[in-house]
Protein chains: 2
Amino acid sequence: MSTTSTVEVTTVLREHIMSGQIHPGEKLQQQRLAQALGVSRTPLRTALANLAQEGLLQYEPNRGYTVRAFKRKDIIDGFAARAVLEGLAAATVARQGMSDDALQDLASLLTIGDTALAKGRLDPDDLDDYRTMNVNFHQRIIEEARNSWVEELVRHTQLIPFASNRMIVWQDYSIMVRSHDDHHRLVDAISRRDVARADYLLREHINFAGDYVAKCIEDGRITTGFSKHRRNIA
Amino acid sequence: MSTTSTVEVTTVLREHIMSGQIHPGEKLQQQRLAQALGVSRTPLRTALANLAQEGLLQYEPNRGYTVRAFKRKDIIDGFAARAVLEGLAAATVARQGMSDDALQDLASLLTIGDTALAKGRLDPDDLDDYRTMNVNFHQRIIEEARNSWVEELVRHTQLIPFASNRMIVWQDYSIMVRSHDDHHRLVDAISRRDVARADYLLREHINFAGDYVAKCIEDGRITTGFSKHRRNIA
DNA sequence: TACCAAAGGATTGGATGCAATCTTGAGATA
DNA sequence: TATCTCAAGATTGCATCCAATCCTTTGGTA
């Protein structure tokens with residue numbers, strides 16, 4: 001396993017920012033951070049530059065890097081962009097037709113979701129399974145579309161602390177059931193090569209998720225780093 | 001005007017890559033490049049990291065940076081992604097309603113286009129005006145949507161050598177007339193708050209541009225750096 | 001001939017020192 | 001008191017040096 005300390009530092013820092021261990025708005029001092037991470041300033045500076053380019057940090061020449069504080073609107077807007085991009089992916093897959101591999105993968109992901117929801121109520125033990133399934137489901141469709149830009153751009157929209165697929169989790173059983181039903185319908189639509197329905201099913205699916213997250217922010221169940229409470233995910 | 005040599009080097013290198021002065025696939029040697037640019041390897045390496053993050057360079061640990069060679073499909077896919085994103089922007093503006101400023105700006109951009117096309121034939125002297133107008137027109141609509149992600153993601157899709165709005169130019173008068181007619185219809189649709197038509201007018205507008213560029217690549221009028229001829233824009 | 005191994009040079013990655021810029025705070029002035 | 005000035009400390013940016021990794025080439029072996 002050959003890697004460089006720059007990429008390790010980049011990964012670690014990204015994780016710290018995404019999880020909120022480093023707070024939005026915080027200034028990152030190179031000397032201090034480098035020492036804390038056990039490297040010199042050189043690889044750290046490269047990592048900072050990378051994360052700034054990813055949009056997680058803000059950079060001002062001669063003044064250094066600060067953690068970007070996403071506003072509520074940034075998060076909503078991210079979902080809107082993701083919705084049309086993933087809609088494009090679904091439409092593309094429907095038009096091209098799915099490979100057998102993809103169909104099989106999606107079918108087994110659907111089953112995992114069905115199983116997690118089978119109890120008729122929300123069991124916290126099943127949440128991790130469901131969330132992982134959800135991430136993989138969306139990822140699998142994007143991969144199958146084989147549009148490198150959609151892949152890249154969607155990954156980019158996921159780089160928002162507390163708003164990525166990996167962090168967000170439904171907190172209401174009935175919403176999860178409906179959401180997973182969307183997954184079933186989506187696979188059906190794609191299988192039938194129904195481009196239009198595949199497109200709008202996935203767009204609606206993600207737009208609704210955006211509305212839900214917006215509501216959570218409103219209620220204070222999620223904070224973006226700027227609201228007064230300064231709490232993380234409830 | 002305070003800036004750092006890192007950002008200057010980044011800008012210069014980006015320009016060199018976008019314009020094809022540095023060829024796709026080419027390996028970038030740090031020592032040599034730094035000397036050529038008159039800086040040390042430190043700011044150069046930061047610039048290289050930035051450009052790699054932007055997608056213009058490919059990086060392999062311990063092996064350095066090479067200029068990314070976009071394949072034909074990458075370019076087509078870029079237009080597909082841009083189409084849905086700009087469609088979202090147009091739809092958003094139509095839904096929100098345009099500010100007076102925006103309406104005025106767009107109207108005067110339309111006039112510039114009308115003027116450039118008024119001769120009834122294609123005058124090379126007017127091409128620059130038209131191209132600039134076209135870039136500003138699209139940019140203005142995106143700005144007016146005020147969705148930071150769309151802005152950012154579209155900028156990203158434009159970072160393809162020879163395929164950005166700034167480089168591409170129609171070479172057929174009748175196509176330009178039709179394309180500019182799209183602009184007129186788009187402003188009309190947005191003014192009437194017709195979300196659906198604004199959306200699909202801009203999508204079609206860009207998808208067609210993508211088809212056109214694809215055809216140009218096919219004909220060898222544009223090369224992506226991988227085709228045998230290794231020519232630039234004709 | 002084809003393949004493998006090791007040594008030497010070449011290239012990239014990281015640490016350190018110094019210069020340039022910014023920030024802070026004490027003192028002066030209105 | 002509020003504001004401005006400027007100097008000292010702090011922080012970032014850049015150049016250089018050394019270490020780690022890669023690449024090439026030469027020689028050997030099956």
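Being a predicted model, the structure only gives us computed values, none of them experimental.
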Could you work out how much the helix from dT1(C)-dA30(D) to dA30(C)-dT1(D) bends, comparing the axis of its first five pairs with that of its last five, to 10°?
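Between the first-five-pair axis and the last-five-pair axis there is 30°.
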In 5'-to-3' order, the base (B), backbone-only (S) or no-contact (-) status of each nucleotide in nucleotides 14-19 of chain D, using a 4.0 angstrom heavy-atom cut-off, is SBB---
Could you tell me if the side chain of [Y] sits less than 4.5 Å from the side chain of [X], heavy atoms only?
X: H183(B); Y: M133(B); result: yes
X: L109(A); Y: V187(A); result: no
X: I160(A); Y: D74(A); result: no
X: L106(B); Y: E144(B); result: no

Using only heavy-atom distances, determine whether the side chains of E86(A) and H138(A) contain a donor-acceptor pair under 3.5 Å.
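On atom types as modelled, these side chains qualify, holding a pair under 3.5 Å.
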Q58(B) and R68(B): side-chain donor and acceptor closer than 3.5 Å?
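There is no such pair (donor and acceptor under 3.5 Å, judged by atom type) between the side chains of Q58(B) and R68(B).
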Heavy atoms only, 4.0 Å cut-off, all strands: where does L48(B) land among base, sugar-phosphate and nothing?
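Contact class for L48(B): none.
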Expressed in angstrom and rounded to an integer, what is the separation of [X] atom [atom1] from [N] atom [atom2]?
X: E60(B); N: dG13(C); atom1: CD; atom2: P; value: 11 Å
X: N50(A); N: dG13(C); atom1: CG; atom2: C1'; value: 14 Å
X: Y65(B); N: dT21(D); atom1: OH; atom2: C1'; value: 15 Å
X: Q29(B); N: dT21(D); atom1: CD; atom2: C1'; value: 15 Å

Do the side-chain N or O atoms of [X] get closer than 4.0 angstrom to the phosphate oxygens (OP1, OP2) of [N]?
X: Q30(B); N: dA10(C); value: no
X: Y59(A); N: dG13(D); value: yes
X: K27(B); N: dT12(C); value: yes
X: Q31(A); N: dT11(D); value: no

R14(A) vs N50(A), side chain to side chain contact (heavy atoms under 4.5 Å, CB included): CA-CA, chis, key distance, verdict
CA-CA 10 Å; R14(A) 189 190 295 115; N50(A) 283 333; over 6 Å; no
Does the gap between the ring centers of H23(A) and H16(A) come in under 6.0 Å?
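No, the ring centres sit 6.0 Å or more apart.
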Flag the pair D199(A) and R203(A) as a salt bridge only when some basic side-chain nitrogen lies within less than 4.0 angstrom of an acidic carboxylate oxygen.
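A salt bridge links D199(A) with R203(A).
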Taking NZ, NE, NH1 and NH2 as the nitrogens, is one of them in E151(B) or R146(B) under 4.0 Å from a carboxylate oxygen of the other?
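A salt bridge is absent here (no side-chain N lies under 4.0 Å from a carboxylate O).
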Using 30° and 60° as the class limits, which term best fits the ring planes of F70(A) and W149(B): parallel, tilted or perpendicular?
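Plane angle under 30°, so parallel.
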Could you run down the sub-3.5 Å N/O contacts of the protein with nucleotides 20-23 of chain C?
none

